[in-house]
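Before any comments, here is the structure.
Owing to the predicted nature of the structure, the values given are computational and were not obtained by experimental measurement.
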Amino acid sequence: MKKLINDIPDVVKEQLEGMAVAHPDALSVHFEPNYVYRADAPVAGKVAIISGGGSGHEPMHGGFVGMGMLDAACPGEVFTSPTPDQMYEAARAVDGGAGVLFIVKNYTGDVLNFETAAELAHADGIKVQNILIDDDVAVKDSLYTAGRRGVGTTVLAEKIVGAAAEAGYDLDKCADLCRKVNMYGRSMGMALTSCTVPAAGKPTFELGEDEMEIGIGIHGEPGQKRMSLTSADEITAMMTAEILDDGPYSRTVREWDRDNAEWVDKSLTDAPFKSGDQVIAFVNSMGGTPVSELYAVYRKLAEICEARGVKIVRNLIGPYITSLEMAGFSITLLKADDEILKFWDAPVNTPGLRWGA
Amino acid sequence: MKKLINDIPDVVKEQLEGMAVAHPDALSVHFEPNYVYRADAPVAGKVAIISGGGSGHEPMHGGFVGMGMLDAACPGEVFTSPTPDQMYEAARAVDGGAGVLFIVKNYTGDVLNFETAAELAHADGIKVQNILIDDDVAVKDSLYTAGRRGVGTTVLAEKIVGAAAEAGYDLDKCADLCRKVNMYGRSMGMALTSCTVPAAGKPTFELGEDEMEIGIGIHGEPGQKRMSLTSADEITAMMTAEILDDGPYSRTVREWDRDNAEWVDKSLTDAPFKSGDQVIAFVNSMGGTPVSELYAVYRKLAEICEARGVKIVRNLIGPYITSLEMAGFSITLLKADDEILKFWDAPVNTPGLRWGA
Amino acid sequence: MSVTRDQIVAWLEESATVLMANKELLTQLDSAIGDADHGINMARGFTKVMEKLPTVADKDIGNILKTTGMTLISSVGGASGPLYGTFYMRSGMAIGSKEELTDEDLFQLLKTGADGIIQRGRAQLGDKTMIDAWLPALDALRAALDDHAGTVAAVRAAVNAAEQGVQDTIPLQARKGRASYLGERSIGHQDPGATSTFLILKALLTTLEDD
Amino acid sequence: MSVTRDQIVAWLEESATVLMANKELLTQLDSAIGDADHGINMARGFTKVMEKLPTVADKDIGNILKTTGMTLISSVGGASGPLYGTFYMRSGMAIGSKEELTDEDLFQLLKTGADGIIQRGRAQLGDKTMIDAWLPALDALRAALDDHAGTVAAVRAAVNAAEQGVQDTIPLQARKGRASYLGERSIGHQDPGATSTFLILKALLTTLEDD
Ligand SMILES: Nc1ncnc2c1ncn2[C@@H]1O[C@H](COP(=O)(O)OP(=O)(O)O)[C@@H](O)[C@H]1O
Ligand SMILES: Nc1ncnc2c1ncn2[C@@H]1O[C@H](COP(=O)(O)OP(=O)(O)O)[C@@H](O)[C@H]1O
Ligand SMILES: [Mg+2]
Ligand SMILES: [Mg+2]
Ligand SMILES: [Mg+2]
Ligand SMILES: [Mg+2]
């Protein structure tokens, strides 16, 4: 294992310490429980946007804390979901009176811990809502399973909903927007190499010199299928097809009913992409793939979208939701209406994403 | 070799095509000869800043083309310096009448090709000047050699001088500022892994599982020494010491005398860092190292600088001047006076670096 | 016969002991169909519980159980943390300030706790989760109590049913948790969470038998 | 004896031939103390020169040489591109519109070209560069011409001196170019650029001998 780390138990803590000294203007870090929060939190009257999950996906989530995006991020151990006390304490720290939206990637551990946190926050009189991100088309069947994983769309949702909160949206409107973004976004990822969890010390899976793993998640878990390595154009075409050809997707999500203080099931079905759609295209590095290679991918993606009548109106290209040092990439397409574009273009000032400020 | 590429001869071309479709608002790409240029070039009355060098260091230089930074970038083949016709044509395309500053990394090939380009541009009546960046403290002796390589300071110089040009500095003032930035900046790099030039197909050098290479350049060339891998803190301490303990550095550079149309030697000596200095700290990934690990490095770097009385007033952390997919990092410290800070903070809007716009 | 506050404390201690003793086994089971951390998670959680226990050992049973739940929730993470945490929180709320439990109380303790897990995790029998150990155990316990079997005998019946439930997870395809991403590849492996549930029930039996 | 425009064209063609024939050798020499591309660079450059040559083969010698220089500059890159490019540009300027060269013209051609390389690259004798082939060759040529040796004999003397110069680069420590980063590790290796210079001079001799 070749990493720039010290003692393995300190890896996450020391990286958070580094963030804190590097970006005092944007954010602060609280330890025990661990959470990164906006330097100027709580922002009175603004809905607070909080996300979190296992560490190892940097800059997500901690790097997205700041004006126009997240109010707080709760990092667990590497690839392990955080505990409810982190989200609960973070909510108490950043709630500006307008309530807290938890953006939760759909993994059982994350879901359950965020749900517990929501109950604790609610008991404290904090207005709270949980919205799931489950955009990974590599996971097919969903009716009786844990469903699709939350991947690339998470980054776009944090940016867009963060801007909406900044613009004065109330909690329900933020939740509605976040739900819409999730239903409009679909992703697919692949790996050229595995990654190594520090505590494990060896790669999570082995890949041959001419093999690649298609349909991976973001925790170094094996993917949908293993194939022999081929050209950037062929890989991009295959993954883009998985996204564009993916049919309607139905699942039941659980959201919080504030009035009756109980969880209610919501059945959601989102529509496939169709010719004429406007999209934000997000080409993401899994960590070890340099941006130069992402441009070769983007070139082909743009060509295919054009041929399919899908209009790319914005893009994001780089390492934003990673799996440690894994080489590989993911493509996320997000159907973008005027509301989404307006908040995408709005100023954001975080260590990991910045424009207009 | 595991890369997201198609045919090897097309690698650079296709990556440039990807950039062009991805960032039409910021830049355009001209092929044969290859150069990336500002979408709104030429900017009348503004000094044009042009840089270039071998490809494989992305986002440098092409990703830094845009408002507040470069007017054009000339990419050679991977790790091979571009040819003078690229810089010459780029100069003709972006000169807004106020002249062109070539920012050149100190490698014989780059230096000679940019000098030829300067002569060609001068012959066309374009005001031109070449300023060298030679900041790599890993190269010791310089008096009778090609001297120090140009590395991390290049990124900072492009940002700062780009902002000065935007603010109306004339060619001589831009050149003076660039020269000062180079003399104020020092860098040191290390590698955890080698990198693979597509045309070569195999790693440029071999490193054992528990080995690292200290004092590398940015072309996958072996470094100053090979050591057994140690902790992030020890590596950071060693590299920071190399920078802070480096003595005065003297070299002779060649600059263009516009009036007499000839090259004149300039002897320059820069001073070591001292307690009380204010610096911009730049922790750079060589490509394959994720930003999370850079924060562990930054944490230690900040601690050491504080102990040495060197005050970090700004920082830049991420992959900005890379060696393909090489894992490793470099540290650059740039002594920052008010003029440098003012232009560092000024708005920049490029695919690779953006703030305030 | 009744179950005392001290026996509940002893049960939690015995649970910690067996879970740590089976840390490797649980992690290895999780590596086959999950992310190889269930043993680590349970060990981390119950180590914390052991640290906390002395501070509440003299409080009422509801308090002891709720503290255990809170400790697991704030130290385990993953899926099993909130699930087992909910088990003890809910059972603690159900028992409240009692310092001694009737057989019926003991059944309610386990039943309410397991219901909490189901409510939280929404797993059904046959989804290849810890529920596949809890439900058979509760049915067996209910039946035994209705037959006026003694406490120990009834709990033994529950433990045997749980053990069978664990075996029965092997041929199942996971429909909940991480294992569900594997689809058919999850078939043929024993569920780690069901296994830890069996161990916790076995710890209860051991405790009661000791007296 | 005089050197005709056609012989200059033949020299450039012969240069291309020998450089391509020695592509592997030059690259391998460069891999020891550089970045393993000198043979590739020279081959790329002279392939382009061969493409361009027909379009100017009927022009004056200065024009032919300048076109060669421009072609190398815009196709080679690296250090050798501008250096060899400068050689032909400068020699072309020196020769101007001539269509036939006296021995003295030939000397001036080579001398002005080499001076251009020195001006551009600022290398001195002993820096372990192509200069270590050019300077001895020019000295030998000058001496031979002063001794009224014939053109071919004088050029042969120059080639032999260049060959010796290449050998003499082996024990040197590089002070210019990429090899200089290696410091002492550059000692014991033959300089690739000096080698290509020798090959270019040898090509001239071959051409003159053929007639
Ligand atoms: N929705 C659920 N309901 C009940 N139990 C579940 C559910 N999801 C997962 N589990 C249990 O959790 C166990 C895995 O726990 P653990 O490995 O600690 O968490 P994680 O899967 O987050 O790493 C599984 O073996 C399963 O028994
Ligand atoms: N400053 C210089 N002056 C003269 N010749 C030089 C100089 N620097 C390098 N060379 C020559 O160039 C050769 C290397 O050429 P090449 O490998 O094509 O370029 P690069 O070093 O950029 O890859 C060296 O062997 C040396 O003879
Ligand atoms: Mg697990
Ligand atoms: Mg886990
Ligand atoms: Mg070379
Ligand atoms: Mg080269």
Side-chain angles (χ1 to χ4, degrees), chain A residues 32-34 52-55 74-89 106-120 136 138-149 197 199-200 204 215-217 219-224 252-254 262-263 265, chain C residues 27 30-38 40-41 44-45 48 69-90 93 116-131 172-186 193:
Chain A
E32 294 180 354
N34 296 354
S55 293
C74 303
E77 281 304 307
V78 173
F79 294 167
T80 302
S81 62
T83 54
D85 54 318
Q86 292 175 260
M87 289 74 94
Y88 168 62
E89 293 291 342
N106 187 38
Y107 299 92
T108 304
D110 291 34
V111 171
L112 299 181
N113 284 287
F114 268 94
E115 283 179 357
T116 306
E119 293 168 13
L120 294 171
D136 185 354
V139 180
K140 293 300 171 203
D141 158 39
S142 73
L143 236 33
Y144 308 103
T145 74
R148 291 184 166 176
R149 299 171 290 213
V197 175
T204 313
I216 53 155
H219 300 97
E221 59 269 58
Q224 199 182 50
T252 302
V253 301
R254 188 148 57 163
E262 64 183 17
W263 294 100
D265 283 352
Chain C
T27 294
D30 194 33
S31 72
I33 54 173
D35 57 353
D37 63 2
H38 187 54
I40 298 164
N41 291 345
R44 182 170 64 244
K48 279 255 179 291
M70 250 316 188
T71 307
L72 290 176
I73 284 173
S74 61
S75 62
V76 175
S80 57
L83 290 169
Y84 278 119
T86 300
F87 174 89
Y88 292 102
M89 295 271 283
R90 296 292 174 85
M93 293 177 197
I117 295 177
I118 291 170
Q119 224 183 345
R120 173 112 284 152
R122 286 181 295 174
Q124 299 165 352
L125 193 68
D127 284 353
K128 199 181 186 101
T129 72
M130 56 177 72
I131 293 307
L172 296 173
Q173 171 169 341
R175 283 195 298 251
K176 285 280 179 286
R178 238 172 244 294
S180 67
Y181 300 132
L182 291 177
E184 300 188 337
R185 279 190 288 146
S186 64

*So, for Ala79(C) and Leu112(A), which heavy atoms are closest and what is the spacing to 0.1 Å?*
O-CD1, 3.8 Å
*Identify the heavy atoms of Arg122(C) and Asp265(A) that sit nearest to each other, and give their distance.*
NH1-OD1, 3.4 Å
*Check whether Glu119(A) gets within reach of chain C through its side chain, its backbone, both or neither, counting any heavy atom under 4.5 Å.*
side chain
*asked:* To the nearest 0.5 Å, what is the distance between OG1 on Thr83(A) and CG on Leu72(C)?
replied: 11.5 Å
*How many angstroms lie between atom CD of Glu77(A) and atom CD1 of Ile40(C), to the nearest 0.5 angstrom?*
11.0 Å
*Contact origin within Ser75(C) toward chain A - heavy atom pairs under 4.5 Å*: backbone
*Quick one: of Gly81(C), Pro82(C), Ser180(C), who has the most non-hydrogen atom pairs under 4.5 Å with chain A?*
Pro82(C)
*Please look at Gln124(C) and chain A and tell me whether the side chain, the backbone, both or neither of the residue comes under 4.5 angstrom of a heavy atom of that chain.*
neither
*Name the option with the most non-hydrogen atom pairs under 4.5 Å to chain A; the candidates are Gly85(C), Gly177(C), Ala123(C).*
Gly177(C)
_Heavy-atom proximity to chain A below 4.5 Å, by part of Met70(C)_ = side chain
*Gap separating the OG1 atom of Thr80(A) from the CG atom of Asp35(C), nearest 0.5 angstrom*: 6.5 Å
*Name the region of Asn106(A), side chain, backbone, both or neither, that has any atom closer than 4.5 Å to a heavy atom of chain C.*
backbone
*May I ask you to decide if Arg120(C)'s main-chain N or O and Arg254(A)'s side chain share a donor-acceptor pair within less than 3.5 Å?*
yes
